[in-house]
Amino acid sequence: MLWVGMKQKTLEDLFDSFLSKQSFFISKQALQDTYTPDTVPHRNEQINQLAAILAPGLRGDRPSNVFIYGKTGTGKTLVSKFVCQELESKAIKQNTSLKTLYMNCKMEKINTPYRLLARFLSFIDIEVPPTGLPTDEIYKIFLREINKVGGVFTLVLDEIDTLVETDVLYNLTRINTELTNAKISIIGISNDLNFTNNLDPRIKSSLSEEELVFPPYNAIQIQDILLDRAKIALSPTSIGEGTIAKCSALAAQEHGDVRRALDLLRVACEIAERNVDIKVNEEHVDEAMRKIDIDRVVEIVKTQPRQSQIVLYSIIYLKELNKNEVATGEVFEVYHNLCKQIGLVPLTQRRVSDLISELDMLGVINSLVVSKGRYGRTRKIKLDMTPVALEKTSEILRGELL
DNA sequence: CTTCCACAGGAAGGTCTGGCGG
DNA sequence: CCGCCAGACCTTCCTGTGGAAG
């Protein structure tokens with residue numbers, strides 16, 4: 001698929017033409033989302049607001065807690081990191097004891113008080129075992145050490161949504177009352193705009209003393225940002241007419257997600273480079289779009305535990321019988337038979353129901369609870385992937401399971 | 001209007017793994 | 001080695017419920 005448009009050549013020809021061509025990339029990192037640019041365009045307002053909220057930390061006062069909302073790729077993480085960096089360097093200059101600490105709750109799997117405290121402690125160079133100790137033991141260590149170090153701490157909790165089920169947030173809001181020598185303020189970042197709706201009102205009012213909303217970027221802004229990055233990342237001769245505009249337009253359609261635009265451009269370049277084409281053009285972007293989608297699905301499917309894979313395969317199996325929308329009961333039945341065939345002990349329907357929810361959250365299926373009146377209440381379950389991705393998934397699962 | 005289906009999804013608790021300090 | 005701990009993963013038991021059928 002990646003070799004679309006390439007005629008049959010000898011390998012020697014291929015290598016020659018590859019070498020004779022300048023690489024598309026000057027610095028690929030600039031298109032990756034780990035990259036932190038020197039400036040953050042179109043986010044001045046948010047930067048200033050956040051800086052104003054955090055500034056009291058420079059006088060040794062505890063800044064208000066902040067809640068930041070905005071969809072993915074709207075610059076929340078970037079702005080937070082940027083402001084924190086500036087704040088810290090200012091603090092160092094004037095010799096204030098102020099530290100900022102960033103953690104991504106989802107990626108670092110910080111979903112229990114224990115882990116949050118452990119992570120915090122490792123930040124001030126105290127290592128504690130990852131498990132084994134009682135939580136209140138860790139808490140005691142935490143209080144002791146944090147008071148020893150002292151000063152103002154600004155804690156950035158990215159993707160704070162993952163903490164909502166647990167009592168982490170509640171404990172966090174109370175932590176300051178136990179501190180004698182240190183002050184902690186919290187920046188919570190969420191891409192779920194309704195996040196605080198189902199939050200305990202006390203936690204809500206405490207955590208969102210201030211709120212910032214990051215609106216999506218529009219197509220022009222995305223293009224602007226993309227051009228900036230492309231200047232750093234790519235050789236100018238390699239970018240075809242309209243390529244950047246197309247990436248921007250597609251990302252703007254999505255929901256103003258810059259990360260998406262950057263991914264599109266980067267993958268499009270990789271495809272073009274592999275094809276030994278001269279420039280990245282709009283077709284490469286289309287191809288990139290497909291590839292990103294497939295890669296996403298494949299990655300999820302592969303890393304799913306066996307039982308979950310069987311559940312997904314059951315849904316695919318039903319789809320192949322031309323049943324587009326299926327109910328939980330049907331899936332469970334197929335799943336049950338499949339387990340027996342493979343020789344695995346099947347899980348209960350209760351558990352399978354949860355697995356279906358998880359697959360829904362991962363975005364490989366779509367499920368909606370509907371009532372069919374007399375015929376009960378169940379989920380309508382649909383696959384949520386492109387035909388190509390579906391084919392690939394089916395292939396992988398068949399390989400893994402049978 | 002009531003009934004009643006086919007589940008959703010909460011609560012509590014069990015089992016297992018990996019790790020602790022003594 | 002022991003008793004204990006956190007956390008992942010499941011089971012059991014349970015109450016709740018939207019709306020077509022009667």
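So you know, we letter chains A, B, ... as the sequences are listed, proteins then strands, and number each from 1. Hydrogens, waters and symmetry mates are skipped; everything else that's a heavy atom, side chains included, is used. Quick caveat, the model's predicted, so the values are computed rather than measured.
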So, does [X] get its side chain near the phosphate of [N], meaning an N or O under 4.0 Å from OP1 or OP2?
{"X": "A:T348", "N": "C:dC10", "value": "no"}
{"X": "A:S357", "N": "B:dA8", "value": "no"}
{"X": "A:S371", "N": "B:dA6", "value": "no"}

* Would you please classify the geometry between the A:F120 ring and the A:F123 ring as parallel, tilted or perpendicular, with 30° and 60° separating the classes? => perpendicular

Length of the line joining [X]:[atom1] and [N]:[atom2], which is rounded to integer Å:
{"X": "A:R374", "N": "C:dT17", "atom1": "CZ", "atom2": "P", "value": "19 Å"}
{"X": "A:R115", "N": "B:dG18", "atom1": "CZ", "atom2": "C1'", "value": "12 Å"}
{"X": "A:K109", "N": "C:dC9", "atom1": "NZ", "atom2": "C1'", "value": "12 Å"}
{"X": "A:F332", "N": "B:dA6", "atom1": "CZ", "atom2": "C1'", "value": "14 Å"}
{"X": "A:E358", "N": "C:dC9", "atom1": "CD", "atom2": "C1'", "value": "10 Å"}
{"X": "A:Y375", "N": "B:dC7", "atom1": "OH", "atom2": "C1'", "value": "16 Å"}
{"X": "A:K372", "N": "B:dC7", "atom1": "NZ", "atom2": "C1'", "value": "10 Å"}
{"X": "A:D360", "N": "B:dC7", "atom1": "CG", "atom2": "P", "value": "17 Å"}

* **First encountered from the 5' end of DNA chain B, between A:A327 and A:R350** => A:A327

* **Closest listed nucleotide, where the reference is the side chain of A:Q349 and the choices are C:dA6, B:dG9, B:dC7** => B:dC7

* Nucleotide nearest A:L133 when distance is taken to its side chain, options C:dC10, B:dA8, B:dG21 -> B:dG21

* Asked: Contact class for A:T131 (heavy atom, under 4.0 Å): base, sugar-phosphate, or nothing?
  -> base

* Asked: Just checking A:E137: base, sugar-phosphate only, or nothing, at a heavy-atom cut-off of under 4.0 Å?
  -> nothing

* Asked: Do A:N111 and A:T162 have side-chain N/O donor and acceptor atoms under 3.5 Å apart?
  -> no

* Under 3.5 Å, is there a donor-acceptor pair linking the side chains of A:Q32 and A:T34? -> no

* Asked: With a 3.5 Å cut-off and just heavy-atom distances, do the side chain of A:R377 and the base of C:dT17 make a donor-acceptor pair?
  -> yes

* To do: Check whether any side-chain N or O of A:N147 sits under 3.5 Å from a backbone N or O of A:N181 as a donor-acceptor pair, and report yes or no.
  => yes

* Report, as yes or no, whether the 6.0 Å neighbourhood of atom CD1 on A:I220 holds more than 12 heavy atoms from other residues, nucleotides or ligands. => no

